[in-house]
Amino acid sequence: MSAESTPSPRIPGSKGRRRKPRSRGRKGLLVTAWVAAGIVVVGGTGAGYVYFKLNGNIKSVDINQVLGSARPTKVDNGSENILVLGSDTRSGSNKELGGGTDDGSARSDTAMIIHVYEGHKKATVVSIPRDTLIDRPQCTDTDGKEHDAASDVMFNSAYTTGGAACAVKTVESMTDIRMDHYLEVDFSGFEKLVDELGGVTVTTTKAIKDTDSHLDLKAGTHELTGAQALGLVRTRHGVGDGSDLGRIQLQQAFIKALVKQVKSVGVLTSPKKLYDLADTATKAVTTDSDLGSVNSLVSFAGGLKGISPSDMTMVTMPVRYDPANPNRVIVQESKAKQIWTALENDRAIPKSATEGTATGQAKGVVTS
């Protein structure tokens with residue numbers, strides 16, 4: 001979790017909204033939400049305690065207060081935009097999970113804009129490569145510290161510099177779209193959630209081996225443990241061209257497998273299993289203050305639980321490799337503009353927006 005996060009108010013109750021991010025490596029955004037939606041089933045004399053306990057797990061950041069009014073206008077067309085980040089901090093319980101050093105810093109290892117269309121029957125997920133070179137705006141973090149603007153820096157430096165508030169402001173500056181909500185997922189919590197779900201089934205068309213992320217999978221069908229799932233969504237060198245773009249393609253495939261798994265598990269038939277999942281989910285996620293209670297999360301989840309994997313469109317922000325550094329990418333502005341305009345108007349993304357852009361050569365390696 002980010003150091004700036006603060007526990008949200010404890011408010012017993014329930015509702016039904018969205019809450020499923022379990023991908024701190026990162027990608028099962030609908031998961032936590034869908035699990036939270038089932039909390040209403042945990043009835044009986046212990047319900048009040050359950051809500052109180054789960055509320056106490058949730059950490060939140062007041063993005064609206066920090067950013068103030070200097071933001072894109074909120075579009076009132078029934079759609080919602082959620083920024084989902086997975087920070088790659090290697091401190092605490094995350095430091096044993098591999099793939100980095102515990103240097104006291106945290107970066108947005110994964111970033112996704114989830115656009116939920118009016119009616120909440122469909123969603124588009126736009127992944128933002130962390131290695132994208134951008135102009136970061138001046139921003140203030142939740143401790144009130146101001147950070148200067150910077151040009152030609154990596155996208156994930158926004159979170160490192162000013163935490164959640166700076167990340168949201170950077171995304172809004174890039175897209176000119178207001179982020180209605182913010183969700184941040186924790187590495188170790190993601191791993192535990194997958195294990196409590198009983199694993200996630202995927203099929204790999206190629207062998208994937210990456211010592212950095214502790215992943216070794218042969219071609220074939222696998223029921224991934226939490227550790228293997230985390231390795232998969234974090235692997236960069238095990239398949240494709242070794243770029244962050246290839247990792248994004250694996251992450252997008254895993255999201256669909258994870259959502260499919262959650263929908264197939266009968267968590268609602270077992271109050272204990274549901275509670276265990278909800279307990280892990282609420283501990284692993286940091287939200288904006290508007291989602292900082294079980295009531296709000298369950299209400300949010302209820303509005304999204306009708307979205308199935310087939311209703312989710314996965315794209316990556318249009319980029320090209322930086323000719324000066326193949327480990328960095330540059331936004332293809334005209335194509336990206338097509339995506340942001342489509343989302344702002346609650347429309348499907350045109351095919352032309354993603355044609356002819358850089359890819360990571362890992363598409364189709366993982367299926368569900």
Side-chain angles (χ1 to χ4, degrees), residues 23 25-27 29 81-86 107-115 117 122-136 151-158 167 170-177 179 205-206 208 232-256 309 311-367:
S23 308
R26 285 109 193 54
K27 285 46 222 138
L29 48 114
N81 296 296
I82 306 100
L83 176 62
V84 177
L85 290 187
R107 295 163 293 274
S108 52
D109 188 59
T110 297
M112 297 177 150
I113 297 172
I114 304 166
H115 179 82
Y117 290 91
K122 298 184 299 179
T124 287
V125 178
V126 183
S127 296
I128 301 177
R130 73 176 203 173
D131 297 337
T132 306
L133 295 177
I134 54 102
D135 291 334
R136 191 182 68 231
S151 298
D152 206 30
V153 296
M154 287 174 57
F155 169 77
N156 67 349
S157 71
T170 299
V171 170
E172 291 184 344
S173 175
M174 293 169 56
T175 65
D176 199 28
I177 298 174
M179 296 296 107
T205 59
K206 297 180 181 180
I208 305 176
L232 179 64
V233 298
R234 294 179 60 206
T235 187
R236 178 169 184 153
H237 307 292
V239 69
D241 61 2
S243 71
D244 190 46
L245 298 178
R247 173 167 54 186
I248 285 173
Q249 290 174 320
L250 296 178
Q251 291 172 347
Q252 291 173 341
F254 184 78
I255 289 179
K256 291 194 173 185
D311 299 319
M312 300 170 65
T313 299
M314 304 283 190
V315 301
T316 300
M317 182 178 71
V319 295
R320 60 184 176 86
Y321 288 107
D322 180 4
N325 185 348
N327 292 316
R328 302 288 179 266
V329 293
I330 300 172
V331 181
Q332 291 194 9
E333 296 291 353
S334 61
K335 289 181 177 292
K337 181 63 176 177
Q338 292 183 57
I339 290 180
W340 312 141
T341 299
L343 297 189
E344 184 177 14
N345 292 285
D346 203 35
R347 297 174 182 167
I349 294 175
K351 290 184 178 180
S352 58
T354 56
E355 293 176 340
T357 61
T359 63
Q361 301 175 21
K363 186 177 180 62
V365 173
V366 173
T367 65

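- Arg347 and Tyr117 get closest at one heavy-atom pair: O-OH, 3.0 Å.
- Counting heavy atoms from C-beta outward, Phe155 and Thr170 have side chains that approach closer than 4.5 Å.
- Proximity of Leu133 to Asn325: side-chain heavy atoms (C-beta onward) are nowhere separated by under 4.5 Å.
- Within the 3.5 Å criterion, the main-chain N or O of Met312 finds a donor-acceptor partner in the side chain of Lys256.
- A distance of 11.5 Å separates CE in Met314 from CD1 in Ile349, rounded to the nearest 0.5 Å.
- At least one side-chain heavy atom of Ile134 sits under 4.5 Å from a side-chain heavy atom of Val153.
- Note that CD1 of Ile113 is 4.0 Å distant from CD1 of Ile128, once rounded to the nearest 0.5 Å.
- No donor-acceptor distance shorter than 3.5 angstrom exists from the side chain of Arg247 to the backbone of Thr235, with no hydrogens or angles considered.
- Residue Lys335 places its NZ atom among more than 12 non-hydrogen atoms of other residues, nucleotides or ligands, all under 6.0 Å distant.
- With salt bridges taken as basic N to acidic carboxylate O contacts below 4.0 Å, one links Arg236 and Asp131.
- Thr205 places a side-chain N or O within donor-acceptor distance of the main-chain N or O of Gly364, the cut-off being under 3.5 Å.
- The two atoms that bring Trp340 and Met174 nearest to each other are NE1-O, 3.7 Å, heavy atoms only.
- In this structure the side chain of Leu245 never reaches within 4.5 angstrom of the side chain of Thr359, judged on heavy atoms.
- Taking CE from Met112 and CE from Met317, the interatomic distance works out to 13.0 Å, rounded to the nearest 0.5 Å.
- Shown here for Leu343 and His115, the closest heavy-atom pair between the two residues is O-CE1, 3.0 Å.
- Listed here is the closest heavy atom pair of Gln332 and Gly356: NE2-O, 3.7 Å.
- A distance of 11.5 Å separates CG of Leu250 from CD1 of Ile255, quoted to the nearest 0.5 Å.
- With Glu172 contributing its side chain and Met179 its backbone, the two residues share a donor-acceptor pair below 3.5 Å.
- Ile339 CD1 to Thr354 OG1: the interatomic distance, rounded to the nearest 0.5 Å, is 6.5 Å.
- Looking only at distances, a side-chain donor or acceptor of Asp244 sits under 3.5 Å from a matching main-chain atom of Arg130.
- Pairing each heavy atom of Pro350 with each of Ala342, the nearest pair is CD-CB, 4.2 Å.
- With hydrogens and angles ignored, the 3.5 Å screen pairs a side-chain donor or acceptor of Gln249 with a backbone N or O of Ala362.
- Rounding to the nearest 0.5 angstrom, the gap separating the CD1 atom in Ile330 from the OH atom in Tyr321 is 12.5 Å.
- Side-chain N or O atoms of Asp152 include none that pairs as donor or acceptor with a backbone N or O of Asp135 at under 3.5 Å.
- Using modelled atom types and a 3.5 Å distance limit, the side chains of Ser352 and Gln338 yield a donor-acceptor pair.
- When every heavy atom of Val126 is checked against every heavy atom of Thr316, the shortest pair comes out as CG1-C, 4.5 Å.
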